[in-house]
Amino acid sequence: MKMTFSHNKQSLPVIILILFLLCGVIAEGGTIRGRVFDKENETPIIGANVIVKGTYKGAATDLDGNFIITGLSPGDYDIEISTIGYKVQLYTGISVDQTSVVRIEVAMESTILAFGQEVVVVGKKPLLEPDLTSSLQRISSNDISSKIIESVDDILEQQVGVVKVDNEIHIRGGRADENLYIIDGVSTKDPLSGKNYGIFLSTDAIEELEVITGGFNAEYGQAMSGIIEVKTKEGGQEYHGSISLKSDHILMESIENFNTDVIEFSMGGPELLSARLLPALGLQLPGSLTFFTNAYMYISDTYLPAASELIPANKAYQPFAQREENNWSGLLKLTWKYRNSKLSGTYKRSLQINQGYFQSIANSKVYFPYEYMYWLDNYNTMTWDGIQYNTQLTHSFNNRTFIEIDIGRVFINVHSAVQGKYFTEYDIKNDIQPIRYFSDFPDGDITVWIRDGFYDVGDASNWHDHYSDTWTIKSELTSQISNNHRLKTGIETEFTELQVINIDDPWLTGARNSFGGSWDIYKVSPAAGAAYIQDKIVYSGMIVNIGLRFDYLLLDEICTDLIDNYELAPHLSEKFREDFKKNTFQIGGKRGKAHLSPRLGISHPLTDNDVLFFSYGHFSQRPNYEYIYAGLNKTKLGASPLLGNPDLNPTTTVAYEIGIKHKFSEDQIINITAFYKDLFDYATSEQLTIKGESGQKRPFMYFNMDYARSRGLEVYLQRRFSELLSVRLNGTYSITSGKSSSPNEALDKVSVNKEKSLAETFMSWDVPLRMSADFNFYIPKDRKIKIGFVPLPSDFGVYIHWQVSSGRRYTPIIDLELEKYADAEYSALSPYWQRWDLKFTKGFSIKNLGFDLFVQIENLLDAKIARRINPVTGQAYEPGDPIPRSWYDSLTDLPPTDPSRYQEPRNVMIGVKVKF
């Protein structure tokens, strides 16, 4: 068949024009248009900025308040509308297809606060924040309420890039003392050790928690790995409160339990004096004054053996020492808002009394004291007392500029003693039971063995008390100097008084001026501070954060005295004294050191649904004060003393990260981030060479000689399947290596006749692979859901947390006969483990009261997760394990029955929460 086509030359231009128009329509894509007006008087707002978050697209309103944005690819978008003098409006989940035209009407609310201080979200909470240039995760109070958690560290453990080893938090491979905890603008870090055991805060008192694991701005200092910033709740204009109780033994006596009880109370609303009493007297406080208060009690005998009684440092604390683990905390917060100012005052107090099973003092790594397992009444009771006062003022000068002023005090006291004794009252410890007889046939010789590795008389060997009292004054000024630049600058000053008394073997007091076998006593008053400036630059969708931070430390006068007076510190060479003066500056009677840290972060849209971000920065922190001042006021007695070094430099991290954020839809996102960190100038102990002193008597001193590296890949996926179900998945693959896992490693090696390795090895806390998932399912009280013909209860929720992780690192024995360990320390991993946690909640109401009944099960499948590893088997110690031949002649080498060789077994708790 022959086909023919008619050819009309006149129709050709028309066909070309139609094709051209079709291509234009296809290329144009979707459109968002709308009108922006004042909510109060409905007049149009001219020149308001309208941007599509995470893209280069945007517009400005015309004389009639109208705007139009074209060329949008199909997808869900967040639209931000902002202008000076009004609250920022964020419309989320605006759905656009290839040819649609979406119209929105934006009613702007005026504000006297500075630009950007108030944001109104219309729609769902956005999952993707494209203007972030750092790895930041925000956890709201609603997120926290569904989880199985008791502390801030429990929240952190579930975040991407974070691992918890021996109850210490490590972020992206950093040490546990490299994280900065901030509560209501004030650091709660213990300046002696760098740890965060100063203030315990109930999770029900948290309004929002931010975790920054990389690329933090210049406003943050004294941290190399992570920033944990907590904002506590405030009272509202109506009274609200709750009281909750949960237990693992009430109504469940037949189930194995830890004898745990948790009680919590929270309440907030208008402050009674200003709301009721003053108006009754004809007086009126301008503005609004509200309060929020929280009280928390956690008492437990834990899964480990417990002493019959704990005796804390202060007899007044005895009623709070109910069981083996006792955590108490209280908070009171007053907030006054008037016009363009907000003033808040907060008092927090926490008290923890225990035997240190789950937290260590300073650099001690003793947790459960296995050798005292049958003599725990004569082991130390540890009292952790923390007090925080702070006042915060936020004031807006105009629509562009506001200031924040924080004045805070943090007092931390840690006391550790046996039965509340003073160190002079200690009895010498010993292991004298049982007495065993061994007969050597055929010779007939009888060997008498007196001991089994467990102490049965006397007291544990340490007495410790230290306190730090730190005052902090901080001021920060933020100004939107133009539409493209948001400038922030600040200064901070802190003053600390620190006293330390640490005595080992206090019964060894024979030497002159000796308090024990090894001891240290000092009191110092260092000062520190910082200043920074940073600029957030916004240009056509691209965000650039650039900043510079200056930190300084002023040492106590004792350092100057030691350098100037040879008799006070004969172990310091003349060269050391000269270098100290060259490396420091002097102000009055104090000498100090300073450090500059540049920061850079970029967020760059790639497509309408993809954002690339990059950060680079130097992050430093001053040495923990124990590394500076330990033993400086004397030559410590006892073998191998450890001395501080006043010439230590700040420890520094140079970190890079690059990542991409992709938005599949309004309800599904994925973040992929790669990071690399160089950590150097770590403090480490090295033995001094002193003329005329033997090797055993030569002291050790801290020097900046260690380094580490951390690199890894993180993936975070979040999906809201509906308003009922949401899922979060995260995974981290990382490697952390360096010269040593502890600043005291060289000293520890000498005690066992070994030398510190010079090669780079894995860090003891390195966890190469970790993944977790959170499943949240909740049916609101007004919804009726069926599965088939079966109705599900309303106001009902299920929370599931799953975690899988590489096992612990250890140094394997590679030849059992020769008892030879691998050359590389921590080169092997114990088997991986996984764990499931489950929580059910059911709510109902009676009149004006709301009730939540819940059941939570931690470690649902009762997984055995190893903590102490047998280097022969690579798993937790068990009776009958193969052991090196040299261990056979000792009953104390192998701990097969150590109850702390595994983490917590399954624990079931039931509870009720009453809301009013």
Side-chain angles (χ1 to χ4, degrees), residues 47-51 53 56 58 60 80-90 111-119 129-134 136 180 182 185 210 212 214-223 227 229 231 340-342 392-407 472-493 529-552 594-605 611 613-620:
N49 289 317
V50 184
I51 64 171
K53 299 279 285 183
Y56 283 114
E80 183 182 88
I81 306 96
S82 62
T83 190
I84 300 297
Y86 291 87
K87 298 177 182 179
V88 176
Q89 299 270 354
L90 181 62
T111 179
I112 59 176
L113 298 181
F115 180 79
Q117 279 191 277
E118 295 180 285
V119 179
E129 297 185 68
D131 52 353
L132 290 178
T133 60
S134 60
L136 182 148
L180 179 66
I182 302 171
E210 289 187 356
I212 310 176
F216 32 95
N217 292 331
E219 64 189 284
Y220 298 109
Q222 301 312 312
I227 302 292
E229 185 163 14
K231 297 177 183 177
N340 55 342
S341 299
K342 182 173 83 169
Q392 292 179 292
L393 171 65
T394 303
H395 175 75
S396 296
F397 295 108
N398 50 49
N399 291 329
R400 292 180 177 270
T401 305
F402 68 94
I403 192 171
E404 296 172 285
I405 299 174
D406 295 319
I407 301 175
T472 303
I473 303 173
K474 182 168 64 173
S475 178
E476 297 177 315
L477 183 70
T478 304
S479 181
Q480 189 75 34
I481 58 177
S482 71
N483 289 336
N484 302 110
H485 292 271
R486 185 179 180 88
L487 197 66
K488 187 172 185 178
T489 185
I491 57 173
E492 178 179 351
T493 302
Y532 73 88
I533 185 169
Q534 65 188 39
D535 187 14
K536 181 180 180 180
I537 305 168
V538 181
Y539 181 75
S540 298
M542 177 181 284
I543 310 292
V544 178
N545 279 304
I546 187 169
L548 183 66
R549 182 179 180 88
F550 171 79
D551 289 277
Y552 69 88
H595 189 76
L596 283 173
S597 304
R599 313 281 173 85
L600 174 66
I602 299 173
S603 176
H604 172 68
V611 176
F613 67 96
F614 166 81
S615 70
Y616 161 81
H618 288 224
F619 309 96
S620 67

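The model shown is predicted, which means the values in this text are computed figures rather than measured ones.
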- prompt: Is the closest side-chain donor-acceptor distance between Y532 and E492 under 3.5 Å?
  reply: no
- prompt: Looking at CD1 of I405 and CD of Q392, how far apart are the two atoms once the value is rounded to the nearest 0.5 Å?
  reply: 11.5 Å
query: Closest approach of N483 and Q480, non-hydrogen atoms and distance?
result: O-NE2, 3.7 Å
- request: Check whether any side-chain heavy atom of T133 sits under 4.5 Å from a side-chain heavy atom of V544, and report yes or no.
  value: no
message: Quick check against the 3.5 Å criterion: does N545 have a side-chain atom that pairs as donor or acceptor with the backbone of L600?
response: no
message: side chain to side chain contact (heavy atoms under 4.5 Å, CB included) for E476 and F402? Distances and angles first, verdict last.
response: CA-CA 9 Å; E476 297 177 315; F402 68 94; over 6 Å; no
query: Would you find a donor on one side and an acceptor on the other, under 3.5 Å apart, between the side chain of D406 and the backbone of K474?
result: no
query: Would you find more than 12 non-hydrogen atoms of other residues, nucleotides or ligands less than 6.0 Å from Y539 atom OH?
result: no
- prompt: Any donor-acceptor pair under 3.5 Å linking the side chain of E229 with the backbone of E210?
  reply: no
- prompt: Hey, does D551 have a side-chain heavy atom less than 4.5 Å from the side chain of R549?
  reply: yes
query: Would you call the rings of F216 and F619 parallel, tilted or perpendicular, where under 30° means parallel and over 60° means perpendicular?
result: tilted
message: Distance check, rounded to the nearest 0.5 Å: I212 atom CD1 versus L136 atom CG?
response: 5.0 Å
task: Take N49 and S82 through the test side chain to side chain contact (heavy atoms under 4.5 Å, CB included) and record every step on the way to the result.
output: CA-CA 5 Å; N49 289 317; S82 62; 3.9 Å; yes
message: If I compare all heavy atoms of S603 with all of L132, which pair ends up nearest, and what's the gap?
response: CB-O, 3.8 Å
field: Residue pair S615 / S134, side-chain heavy-atom distance below 4.5 Å
entry: no
message: When you measure from the side chain of N398 to the backbone of R400, do you find a donor-acceptor pair of N or O atoms at a distance under 3.5 Å?
response: yes
query: With a 4.5 Å heavy-atom cut-off, do E118 and Y86 have their side chains touching?
result: no
task: State the NZ-CD1 distance between K488 and I481, to the nearest 0.5 angstrom.
output: 15.0 Å
task: Any chance you could lay out the side chain to side chain contact (heavy atoms under 4.5 Å, CB included) test for D131 and K536, step after step, and finish with the verdict?
output: CA-CA 10 Å; D131 52 353; K536 181 180 180 180; 3.8 Å; yes
query: Short question: side chain of S482, backbone of N484 - any donor-acceptor pair under 3.5 Å?
result: yes
- prompt: With no hydrogens and no angle check, is any side-chain donor or acceptor of Q534 less than 3.5 Å from a backbone partner on E219?
  reply: yes
message: Would you say that L90 contacts K53 through its side chain, given a criterion of any heavy-atom pair below 4.5 Å between the two side chains?
response: yes
message: Taking I491's backbone N and O only, do any of them form a donor-acceptor pair with S475's side chain (distance below 3.5 Å, no angle check)?
response: no
- request: Could you pull out the closest heavy-atom pair between T401 and S479, with the gap in Å?
  value: OG1-OG, 2.8 Å
message: Just verifying a value: how many Å separate K342 NZ and T394 OG1, rounded to the nearest 0.5 Å?
response: 5.5 Å
- prompt: Taking R599 for the side chain and Y220 for the main chain, is one N or O donor matched with an acceptor at less than 3.5 Å?
  reply: yes
query: Can you check side chain to side chain contact (heavy atoms under 4.5 Å, CB included) on Y552 and T493, steps first, answer last?
result: CA-CA 9 Å; Y552 69 88; T493 302; 3.9 Å; yes
